[in-house]
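In what follows, a single structure is set out as structure tokens and then discussed.
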Amino acid sequence: MDKVFLLQHSYDYGDDLEHEETKHIGIYSKRSNAEAVIEQLKDKEGFRDYPLDCFYISECVVNPAQPGWHIGFVKYHW
């Protein structure tokens with residue numbers, strides 16, 4: 001396996017859409033597995049009130065020759 005697929009659900013909220021909510025759902029060996037999970041979740045609480053394009057599938061290379069985060073990092077504030 002040289003690729004995995006990261007599934008997330010993300011949307012902006014607030015008066016000026018100044019906040020972002022992201023749910024990291026899972027990592028899958030096939031894109032079709034991540035797509036199947038979207039089908040399972042899309043009508044459930046926490047997901048059904050948002051459009052389907054709030055689900056994101058990112059293809060990630062396992063053990064890349066170069067660091068995958070060369071464009072920057074995400075910093076979370078708790």
Side-chain angles (χ1 to χ4, degrees):
M1 174 182 5
D2 58 345
K3 294 180 191 174
V4 293
F5 299 88
L6 170 64
L7 176 58
Q8 300 178 63
H9 185 265
S10 184
Y11 58 90
D12 297 324
Y13 66 96
D15 292 337
D16 296 318
L17 300 178
E18 69 273 17
H19 303 288
E20 180 180 359
E21 174 78 22
T22 300
K23 297 175 187 86
H24 301 279
I25 298 168
I27 299 173
Y28 303 90
S29 58
K30 295 188 229 175
R31 178 177 292 275
S32 59
N33 293 349
E35 291 167 347
V37 171
I38 292 172
E39 285 299 312
Q40 293 173 12
L41 294 176
K42 69 180 185 182
D43 296 323
K44 300 212 181 289
E45 186 175 342
F47 301 100
R48 66 178 166 232
D49 296 331
Y50 304 96
L52 280 177
D53 64 1
C54 288
F55 285 100
Y56 294 91
I57 300 174
S58 302
E59 184 177 305
C60 303
V61 176
V62 176
N63 298 321
Q66 296 184 32
W69 303 109
H70 61 276
I71 60 171
F73 293 89
V74 174
K75 183 175 181 179
Y76 293 97
H77 301 278
W78 304 104

Any sub-3.5 Å donor-acceptor pair from Glu18's side-chain atoms to Asp16's backbone N or O? yes
Nearest 0.5 Å please: distance from the CZ atom of Arg31 over to the NZ atom of Lys3. 9.0 Å
Looking only at heavy atoms, what is the nearest atom pair of Ile25 and Phe47, with distance? CD1-CE2, 4.0 Å
Hey, does Leu6 have a side-chain heavy atom less than 4.5 Å from the side chain of Gln8? yes
Criterion side-chain hydrogen bond (donor to acceptor under 3.5 Å, both in side chains) on Glu20 and Ser10, from CA distance to verdict: CA-CA 7 Å; Glu20 180 180 359; Ser10 184; 2.8 Å; yes
Distance from Ile57 atom CD1 to Asn33 atom CG, nearest 0.5 Å? 10.0 Å
CD1/Ile27 to OG/Ser58 distance, rounded to the nearest 0.5 angstrom? 10.5 Å
For residues Tyr28 and Leu52: do they belong to one hydrophobic cluster (side chain heavy atoms under 4.5 Å, members Ile, Leu, Val, Met, Phe, Trp, Tyr)? yes
Is the shortest side-chain heavy-atom distance between Thr22 and His24 below 4.5 Å? yes
With the side chain counted from C-beta on, respond yes when Phe55 and Leu7 share a heavy-atom pair under 4.5 Å apart, and no when they do not. yes
For residues 38-56, pull every pair meeting salt bridge (Lys or Arg N to Asp or Glu O under 4.0 Å), keeping only residues two or more places apart or in separate chains. Glu39-Lys42
Examine distances only and state if a side-chain atom of Lys23 and a backbone atom of Gly46 form a donor-acceptor pair shorter than 3.5 Å. yes
Output all residues satisfying ring pair (Phe, Tyr, Trp, His ring centres under 6.0 Å) with Tyr11, sequence neighbours left out; order by chain, then residue number. His9, Tyr50
State the CD-CZ distance between Glu59 and Phe5, to the nearest 0.5 angstrom. 4.5 Å
